[in-house]
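Notes follow once the structure below has been shown.
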Amino acid sequence: MKHWKLERDNDGLAWATLDKADSSTNVLSAEVMAELGQVLDACDREPPKALIFRSGKEAGFIAGADIKEFSTLDTPQKARGIVRRGWDLYNRLAAVRYPTLALVRGHCMGGGTELALACRYRIAVDEPGTKFALPEVMLGIVPGWGGMLRLPQLVGPAAALDMMLTGKGISARRAKRMGLADECVPPRVMESAARMVALSGRPPYRPPLLQRLMNAAPLKSFVAAQAKKQVARRARQEHYPAPYAIIDMWQNYGGNGLAVPSNAPTSLDAIVGSKTTRNLVRVFHLQERLKGFGKEAADFAPQRVHVIGAGVMGGDIAAWCARRGMIVTLQDQGVERIAPAIARAAEAYRKSFRSERDPDKQVRFVLDRLIPDPNGDGVRQADVIVEAIFENLDAKRALFRDIEARAKPDALLASNTSSLRLADIAQALKNPARLVGIHFFNPVAKMPLVEVVQGAATDESAAKRAAAFVRRIDKLPLPVKDAPGFLVNAVLAPYLLEAMRCVDQGIAPETVDAAALAFGMPMGPIELADTVGLDVAMAAGKGLAGAAEPPRKLAELVAGGHLGRKTSRGFYSYANGKAVRAAAGAPPPGLAGRLVQPLLAATQQCVANGIIADADLADAGVIFGTGFAPFTGGPTNYMKAQGG
Ligand code: NAI
C-alpha cells in the first residue's frame, strides 16, 4: 500500500497508520479510501484483537476529503459515487467484529471525524492543535460518510447539529466532556492509552437517556424545528441549502444522504447542482491562494514585534500577535495609554482560554509576552515594527525617521495607515524600499484579512516578508497596491454612501439594512456605518468615493456629535451595544441591486487599475475583508453570473 501501513504487534493488535504519500497532510483521496478497504480486507482474513487508526504525519490526524477531487463533481452521479464510497466503507468499518479505535492527535476534520465515529472508541490527545470538526457545511456540502448518522447517536442531536451546522471545531477536552472522545490523554501516554482502551472490552459510549430520546420521535421533530429556526437566523435556504439538507437528512433519512429522492430540494443532486456549492468551493480555493502568499518568504521567521500606538488598532494588533506566540513590545506616549490596551487584551485572553486547562496560567503566559514599552526600547530587537499611531502624515514621518535610525537593518517596517499614501510616509526614510503597509481591519481579532500594501518604492522582498508575517499570526495576506482605500475600503465606501443616500431619499435605515441582509451581507450597510463610526465614514466618503456633498443625514448626525455606536447614537440608537430598530418595511423593488451596484463597480475598477492583481483575488479580498455574501463567490464572480 502506498498511503497506509498495517502492522501487528505482539499483543495481537493491528496498527493502521495513515501517511499519505506526496502530501504534508492526510487527505482522504480515492486512493486512500481504496487502500482503507484493503486494510479491512487484511483484517477480515486475519482478525486482530483490535485495530487502531493513527496518523503518521506531524501535522494532524486527517484533514478530511480531498477537496481537489470534489471540485470536479459536476454531475449528480459523480457526487453520489463519492458519497456512496465513504458511506459504504465506513458502514463496513462500523460493523467489524473486533474492537476499533481512532487515536486522534491534531486536526480531525470531515471524513477524518467520520472515520473516527465509525470506530468503537476514540482517544483525543490533549494538545491545543487537536480539533474534531465536520466543516462540510462551509463548503456547501454535507457530512455524507456517516457523520449525520453517527454523531447525533454518540453525542445527542443538539450538540451534533451544532457541530454540523456551524462547522466549528471541538477541542480534545471538550470532546471528552461531550462523549465524542472516550478519553483525553497527554501525548506521552497516548499509545499505551490507545492499547488499553482498545483491549478493555468496555461497551461503546452511550449518551444519557435524554439525548437518546431526542434522536427518536416525537422529540426528534422538535429538535429539528429548533435547529431550522437557528439556521434561518443566519442563512437563507435559497442562499445556503446545505444546512437545511443536513437537518432533513438527519430527521427523515437516518443521516443517509443517498436515501433522499433526487427531486427533493434537500437531495445530494440539488446540493451539488447549486451554484452555492461551486462558489463556496471556489472561496475555499481562494483562501488557499491567499495563504500561499505567506509561503513566498519561507525563511522569514519573525519572533519579536514592536507596535507603536496602543489605540483601537495598535492595542489589538499587539494583543493578537502575542496570542499567536510573538514577543510583543507595545509603545505609546505614556503608560497610561498602554494600560487600557493590556487590560483589554487580558479580558480577551480570559475569554479565549475559558474552556482550556488552567486558563489563568495560560492567560499569564500570553500576557508575559505582551510588554508595555513607553520608551520604545523594543525597536532595537524587533523583527517587525508596526506603526499604528494617529492618522497624521507628519507624525508618522517623524516616527519612522526615528525608527529607521534604531531598528535592526533587516527589520520589517510597516504602517497600518488606512488613508495616507505609503509613498508619502516612505519619503521620511533613508531607505524607502523597507516600508510596507500592513493594513488590519477592525475588530482585529475577528477580521481574517490583512492587506499587504506595496508602495511604489517598496522592495518586493519586503512585501513578501510582510505576507509571511501576516500568515505567521494566522491572518490571510492580500497583496495590494498603494492607492486610496487600497481594495477593501475603496469598495466599501461607495456602497455605504449609496446606502446613506437611500436614507436621504426617505427609505428607512431598517429597510435598507434588511435589503442588504436579504442579499446575503453579514450586516446592513447603515449599521456598518454606525459601527465604523460616522466621522470615519464621512472622511472615507470624501476621500474615496469622491462625494462632493456628503449624504444629508450623515452630515447632520456628525455635526450633532452623533458618531454611531461609539456615542450610542448614529442612524440607530444603541442600548447595551445593540441597535434599537423598528420593523423593516417592504423594500422597494431593486433596492439590494442598487445598494451593491457601487461596490461591484468599485471592485471592477480596482482590478482595472491594477490595485489588485486579478479578479479572483479581488473576490477573495472583498469576501474576507467585508464579509460580502460568500455564496456568490465574490463580486466579480457574481457579476459574471448575472451576465455583467
Ligand atoms: P487611536 O486614536 O485609537 O490610537 C492612536 C494611538 O497612537 C493613541 O493611543 C496615541 O496616543 C498614539 N500615538 C500618537 N502619536 C504617537 C507617537 N508619536 N508615538 C507613540 N504613540 C503615539 O487610532 P486607531 O483608530 O487605532 O488608528 C491607528 C492607525 O490605524 C491609523 O493610521 C488608522 O488609519 C489605522 N486604522 C484604523 C482603523 C480603525 O478602524 N480605527 C482600521 C484600520 C487602520
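All values reported here derive from a predicted model rather than from experimental measurement. In this chain, residues are counted from 1 in sequence order. Order of listing sets the numbers, starting from 1, for every ligand and every atom in it.
Residue-to-ligand polar distances keep Ser419 apart from ligand 1: every N/O pair is separated by 3.5 Å or more. For ligand 1, none of its N or O atoms has an N or O atom of Glu387 under 3.5 Å away.
A parallel orientation is assigned to the rings of Phe631 and His239, their planes being inclined by less than 30° (bins at 30° and 60°).
Side chain to side chain, Glu391 and Thr417 meet the donor-acceptor criterion of an N or O pair below 3.5 Å. His306 and Thr329 form a side-chain donor-acceptor contact under 3.5 Å, judged by distance and modelled atom types alone.
Near His439, meaning under 4.0 Å from any of its heavy atoms, are these atoms of ligand 1: 43 (C), 44 (C). Near Thr417, with a cut-off below 4.0 Å to any heavy atom, the atoms of ligand 1 are 32 (O).
The cationic group of Arg323 lies under 6.0 Å from the six-membered ring centre of Phe353 and within 45° of the ring axis, placing it in a cation-pi geometry.
Looking only at protein heavy atoms, the nearest one to atom 43 (C) of ligand 1 is Phe440 O, 3.2 Å. Taking atom 4 (O) of ligand 1 as the reference point, the nearest protein heavy-atom neighbour is Gly311 CA, 3.3 Å. Of the protein's non-hydrogen atoms, Ile389 O, 3.3 Å is the one closest to atom 29 (C) of ligand 1. At the top of the distance list for atom 30 (O) of ligand 1, counting protein heavy atoms only, stands Asn416 ND2, 3.0 Å. With respect to atom 23 (O) of ligand 1, the closest heavy atom belonging to the protein is Val312 N, 4.6 Å. With respect to atom 36 (N) of ligand 1, the closest heavy atom belonging to the protein is Ser418 OG, 3.2 Å. With respect to atom 6 (C) of ligand 1, the closest heavy atom belonging to the protein is Asp332 OD2, 3.7 Å. The protein non-hydrogen atom at the shortest distance from atom 26 (O) of ligand 1 is Met313 N, 2.8 Å.
Residues Arg344 and Glu347 are not paired through a salt bridge, judged by the lack of any N-O separation under 4.0 Å between the basic side chain and the carboxylate. The residues Asp614 and Arg289 are annotated as salt-bridged, a charged nitrogen and a carboxylate oxygen being separated by less than 4.0 angstrom. Ion pairing between Glu404 and Lys430 fails under the 4.0 Å rule for side-chain N and carboxylate O. A salt bridge is defined here as a Lys NZ or Arg NE, NH1 or NH2 lying under 4.0 Å from an Asp or Glu carboxylate O, and Arg465 with Asp410 fails to meet this definition.
The shortest distance between side-chain heavy atoms of Lys291 and Leu476 falls below 4.5 Å.
Outside the 6.0 Å centre-distance limit, the rings of Phe628 and Tyr495 are not counted as a close aromatic pair.
The option from Lys396, Glu451, Met447, Gln333 that lies nearest to atom 15 (N) of ligand 1, judged by heavy atoms, is Gln333.
Contacts between Leu420 and ligand 1, counted as non-hydrogen atom pairs separated by less than 4.0 Å, are absent for every part of the residue.
Ligand 1 is approached by Ala388 to a heavy-atom distance shorter than 4.0 Å.
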